[in-house]
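Within every chain, numbering begins at 1; the chains are lettered A, B, ... in the order of the sequence lines, protein sequences first and strands thereafter.
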2 protein chains.
Amino acid sequence: MTRDDDEPVGADAPNRLLWALRRAELGARALKDQRLRPLGMVPAHYSLLMSVHTEPGLTGAELARRLDVTPQAVASLVARLVDKGQLERRSHPRHRHIQELHLTDAGREALKSADAVIASIEHQITERLGPDNAARFAALLDEVIDEVRDSKS
Amino acid sequence: MTRDDDEPVGADAPNRLLWALRRAELGARALKDQRLRPLGMVPAHYSLLMSVHTEPGLTGAELARRLDVTPQAVASLVARLVDKGQLERRSHPRHRHIQELHLTDAGREALKSADAVIASIEHQITERLGPDNAARFAALLDEVIDEVRDSKS
DNA sequence: TCAGCTACATCAAACACTTGATAGGCAACA
DNA sequence: TGTTGCCTATCAAGTGTTTGATGTAGCTGA
């Protein structure tokens, strides 16, 4: 019986970690989407508003890097949020053709509501895992982020 | 100073867990994509082939549920993989208009190469975390999956 | 001062996926 | 033995994102 290589792939054990990571993120995204929708918002809008709130004056290009999407995708989102009156474009003081992004009052209000929803999901998960495990989980995620970032470059 | 609510959202601490989860998955996906591309494959193809390998005879609709996408998206992927000769449609013995999906030899070969790549990424992360932490990480991910699945329904 | 470089923004086309709607077949139940 | 209901597959249209390419403005070094 020397036909160990008959099986094209090993048991699913080795792939479980990445698979679980994908499933968890997929599920979390779906949940966020479900609970954000009644507020007329989608996760992508929330992420963008939150980024601008954290770093006011961000440009479209920088935002694209933060969110890991293309500048065009950001432009599309920004256009929509500007239409909704939640976001504001201001021209950069030094570079005229560059646009700084800032939240409007309506944007801050929308973000506040959305953040309450996100925080509640966060809280729900933290409660399920327990505080210690939640902290450990966050630390492990950070290490995974580091590892994949390093080996990508 | 009773203006604690001046800040629309709390510190980014409460949102760190979901944010980290998203970043980790995003990074992992990018890494998979980067290393799979030289093999002429994308993560979506890999997932599909792996699912069919694990459960031969899967139908398009069932596959859609496994992968959390719509049947149409699956049909599109399947069509491409059939063109590449890696996947085969067979009509279901009882239900004629239903198509079972099976890997071809070429598909098994492609999956084998791709799985080696994925396993190496998995191994790399496991090594970084350490075996104990990797196991704990997988367990925590499973719990998160459970939690979001339960609260979605 | 003036090339060359870099970075931002944006237009246009291609692509992938979703939502919505249609058709056909099997099965269970009256 | 119809007939209702569910599930599958697939077509068509709409949406969001990426890829590719263009124009423009500031920075840098000769």
Side-chain angles (χ1 to χ4, degrees), chain A residues 22 25-27 29-34 36-37 40-49 51-52 55-84 87-102 152, chain B residues 22 25-27 29-30 32-34 36-37 40-49 51-52 55 57-84 87-102 152:
Chain A
R22 176 167 173 268
E25 203 280 333
L26 223 51
R29 183 206 315 247
L31 188 58
K32 284 190 266 186
D33 197 274
Q34 188 183 68
L36 242 31
R37 194 165 296 277
M41 196 177 292
V42 290
H45 291 175
Y46 167 75
S47 304
L48 198 156
L49 291 177
S51 294
V52 174
E55 302 181 71
L58 231 44
T59 67
E62 298 221 16
L63 208 34
R65 284 189 284 271
R66 299 278 190 288
L67 302 176
D68 256 316
V69 293
T70 60
Q72 290 86 336
V74 167
S76 167
L77 291 171
V78 165
R80 179 161 328 199
L81 290 170
V82 168
D83 279 349
K84 290 172 75 176
L87 204 60
E88 191 183 18
R89 289 187 247 239
R90 301 183 198 162
S91 60
H92 188 105
R94 300 196 54 146
H95 311 264
R96 272 192 339 121
H97 75 295
I98 292 180
Q99 298 168 347
E100 290 187 340
L101 297 170
H102 295 269
K152 233 190 309 181
Chain B
R22 175 166 173 269
E25 203 280 332
L26 224 50
R29 185 206 313 248
K32 284 191 267 185
D33 198 273
Q34 188 183 70
L36 242 29
R37 194 165 295 276
M41 196 178 290
V42 290
H45 291 175
Y46 168 75
S47 305
L48 198 156
L49 291 177
S51 294
V52 173
E55 303 181 71
L58 230 44
T59 68
E62 298 219 15
L63 209 34
R65 285 189 282 273
R66 299 279 190 289
L67 302 176
D68 256 315
V69 292
T70 59
Q72 290 86 337
V74 167
S76 167
L77 290 171
V78 165
R80 180 161 327 200
L81 290 169
V82 167
D83 278 349
K84 290 172 74 177
L87 204 60
E88 192 183 18
R89 291 187 244 238
R90 301 185 197 161
S91 60
H92 189 105
R94 299 196 57 147
H95 310 262
R96 273 194 340 119
H97 77 296
I98 293 181
Q99 299 167 348
E100 289 186 342
L101 297 170
H102 294 269
K152 231 189 313 179

Can you tell if the side chain of Val52(A) reaches within under 4.5 Å of the side chain of Leu87(A), non-hydrogen atoms only? yes

Pick from Thr70(B), Leu77(B), Val78(B): which one makes a side-chain contact (heavy atoms from CB on, under 4.5 Å) with Val74(B)? Val78(B)

Straight-line distance of Arg66(A) CZ to Leu58(A) CG, nearest 0.5 Å: 5.0 Å

Between His97(B) and His92(B), is there a side-chain heavy-atom distance shorter than 4.5 Å? no

Measure the spacing between CG of Leu81(B) and CZ of Arg89(B) and express it to the nearest 0.5 Å. 10.0 Å

Reading 5' to 3' through nucleotides 21-27 of chain C, protein heavy-atom contacts under 4.0 Å coded B for base, S for sugar-phosphate only, - for none: ---BSSS

Taking the side chain as C-beta and beyond, is there a heavy-atom pair between Arg29(B) and Arg22(A) under 4.5 Å? no

With heavy-atom distances below 4.5 Å as the criterion, would you say the side chains of Leu101(A) and Arg90(A) are in contact? no

Expected output is a numbered-order residue list: members of residues 57-71 of chain A with a heavy atom under 4.0 Å from any atom of DNA chain D. What is it? Val69(A), Thr70(A)

In this structure, CG of Leu31(A) is separated from CD of Gln34(A) (nearest 0.5 Å) by 6.0 Å

In residues 74-81 of chain B, which residues come under 4.0 Å of DNA chain C by heavy atom? Arg80(B)

Quick one: do Asp33(A) and Arg37(A) make a salt bridge, cutoff under 4.0 Å? yes

Which two nucleotides bound the region of DNA chain D that has atoms under 4.0 Å from heavy atoms of chain B, read 5' to 3'? dT8(D) to dC11(D)

Is there a side-chain contact between Leu63(A) and Leu48(A) in this structure, where contact means two heavy atoms from C-beta onward sitting under 4.5 Å apart? yes

Would you give the length of the straight line joining atom OG of Ser47(A) to atom CE of Met41(A), rounded to the nearest 0.5 angstrom? 10.5 Å

Are Glu100(B) and Glu88(B) side-chain neighbours, meaning at least one heavy-atom pair lies under 4.5 Å? no

Atom of Gly40(B), atom of Lys84(B) and distance for their closest heavy-atom approach: O-NZ, 2.9 Å

Angle between terminal axes - the helix from dT1(C)-dA30(D) to dA30(C)-dT1(D), 5 pairs each end, rounded to 10°: 20°

For Leu101(A) and dC8(C), what is the distance between atoms CG and P respectively, to the nearest whole Å? 13 Å

Mind checking whether Ser91(A) and Ile98(A) have side chains closer than 4.5 Å, heavy atoms only? no

Using the test ring pair (Phe, Tyr, Trp, His ring centres under 6.0 Å), find all partners of His102(B) that sit at least two apart in sequence or belong to another chain. none

